[in-house]
Amino acid sequence: MTTRALVLGGGGIAGIAWEIGLLAGLAEEGVDVRDADLVVGTSAGSIVGTLLRTGSDLAELYERQLGPVPPTEKRTDFDATAMMTAIGTALAGVSDQQEARARVGALALRASTVPEEERRTTIRARIGEPAWPDRRLVVTAVDAHDGAFAAFDADSGVPLLDAVAASCAVPLVYPPITIGERRFIDGGMRSITNADLAAGYEKVLIVAPFPGTPGSPLGPSHDDEVAGLREKAEVRVVLADEVALRAFGTNPLDPATRKPSALAGRAQVPAVVEHLRAFWR
């Protein structure tokens, strides 16, 4: 029996909607990735992965993305250039990836943001407060204190809601999330997909709005992760196309991007479904 892994990358509210649109469209065409042996979710991907693993209906999730924005989804002002400038300054001279992530964590711990509980309320409105599913789900985050990478799963002793809130804690935008005596930030601060966690599976499908930054000092690059997996696995990658990127706009954390991003994900299905049908079979 061939083992299969689904890797879902980060990309904000727009990324959640695009992934749901794409995956719902694939399921309509008979390519239902919910039967993956492993799901790895980072940031936006942790939301989608949790929804997939906890039994949500994909068609219903898609329709929800097209409907009114719930009051829990408040607009967040997000200046990607300013954030990357601040992080770039903090990383000057760093050569160790974990130390680089720790420096980003230090920025996040000092930042003025909404309270943690408000952020948990937002995540709870998206996924509920589910138990870890029986089928394997891994949710990624980064320890804000020392930059250590965390791959939470059912054996970690961490509530799934907390793990997902941590995975979505974009530094300088949202508060680091307290788990035990530590605080955690977005798993995308190591890698936009953390696809290397799928090592050992025979087929790996990576679905990500963005491929991440080449040569990032924070962790492995998308290209390196894919190359490493391809040494022993068949790998397919689906990234957002130009239509989707336009739908994301300059602020993928804006709830107004939900509908256009979901539609763009659904519209991308015809371009990828046939080679994915043969691959996922």
Side-chain angles (χ1 to χ4, degrees), residues 9-17 41-48 50 69-91 98-129 139-150 152 158-192 194 209-210 212-213 216 218-219 248-258:
I13 289 174
I16 294 170
T42 293
S43 202
S46 73
I47 296 284
V48 178
T50 297
V69 175
T72 49
E73 295 290 355
K74 298 181 174 65
R75 187 181 187 281
T76 300
D77 291 324
F78 174 65
D79 185 333
T81 301
M83 184 182 85
M84 295 313 295
T85 298
I87 290 175
T89 300
L91 296 184
Q98 183 171 334
E99 171 59 26
R101 297 191 295 268
R103 291 189 189 184
V104 176
L107 287 179
L109 291 168
R110 293 195 300 268
S112 176
T113 65
V114 300
E116 269 191 72
E117 198 44 53
E118 181 177 325
R119 185 64 182 149
R120 272 196 179 86
T121 297
T122 297
I123 302 300
R124 188 180 292 111
R126 293 177 187 171
I127 66 170
E129 203 156 353
V139 172
T140 68
V142 168
D143 189 313
H145 304 281
D146 64 7
F149 179 55
F152 296 117
V158 171
L160 180 52
L161 174 64
D162 287 353
V164 173
S167 192
C168 294
V170 181
L172 305 178
V173 179
Y174 301 126
I177 297 298
T178 302
I179 297 177
E181 297 182 353
R182 312 292 287 183
R183 297 184 76 192
F184 291 84
I185 59 173
D186 197 310
M189 287 301 102
R190 176 184 181 263
S191 158
I192 200 78
N194 294 293
F210 310 108
T213 305
S216 168
L218 298 167
F248 298 168
T250 59
N251 182 2
L253 303 183
D254 185 348
T257 63
R258 281 172 30 129

Can you measure from [atom1] ([X]) to [atom2] ([Y]) and round to the nearest 0.5 angstrom?
| X | Y | atom1 | atom2 | answer |
| --- | --- | --- | --- | --- |
| L107 | L91 | CG | CG | 8.0 Å |
| T113 | R119 | OG1 | CZ | 10.0 Å |
| K74 | D254 | NZ | CG | 14.0 Å |
| S46 | N194 | OG | CG | 11.0 Å |
| E118 | I123 | CD | CD1 | 11.5 Å |
| N251 | F78 | CG | CZ | 7.0 Å |

Do the side chains of [Y] and [X] get nearer than 4.5 Å, heavy atoms only?
| X | Y | answer |
| --- | --- | --- |
| T50 | R126 | no |
| L218 | T213 | no |
| R183 | P175 | yes |

Of all heavy-atom pairs between [X] and [Y], which one has the smallest distance, and what is that distance?
| X | Y | result |
| --- | --- | --- |
| I16 | A44 | CG1-CB, 3.6 Å |
| A14 | F248 | CB-CD2, 3.5 Å |
| G11 | P252 | O-CB, 3.6 Å |
| S191 | T42 | O-CG2, 3.7 Å |
| P255 | V69 | CB-CG1, 3.5 Å |
| A150 | F184 | CB-CE2, 3.9 Å |

TODO: Could I get the full list of side chain to side chain contact (heavy atoms under 4.5 Å, CB included) partners for A125, not counting sequence neighbours?
DONE: T72
Open item on the list: Going by side chain to side chain contact (heavy atoms under 4.5 Å, CB included), name the residues that satisfy it together with T81, two or more places apart in sequence or in a different chain.
Closed with: D79, T85
All N/O donor-acceptor pairs, side-chain side in residues 161-172, below 3.5 Å, sequence neighbours left out:
from	atom 1	to	atom 2	distance (Å)
D162	OD1	R120	NE	2.9
S167	OG	S43	N	2.7
S167	OG	T140	O	2.6

Open item on the list: Test side chain to side chain contact (heavy atoms under 4.5 Å, CB included) on R101 and D143; report intermediate values, then the result.
Closed with: CA-CA 8 Å; R101 297 191 295 268; D143 189 313; over 6 Å; no
- [ ] Write out all pairs satisfying salt bridge (Lys or Arg N to Asp or Glu O under 4.0 Å) with one or both partners inside residues 102-115, taking only residues at least two apart or from two chains.
- [x] E99-R103
Open item on the list: If the condition is side-chain hydrogen bond (donor to acceptor under 3.5 Å, both in side chains), which residues does E129 pass it with, not counting sequence neighbours?
Closed with: R124
Open item on the list: Enumerate the side chain to side chain donor-acceptor pair (under 3.5 Å) contacts for residues 172-181, please, sequence neighbours excluded, ordered by first and then second residue.
Closed with: T76-Y174, E116-T178
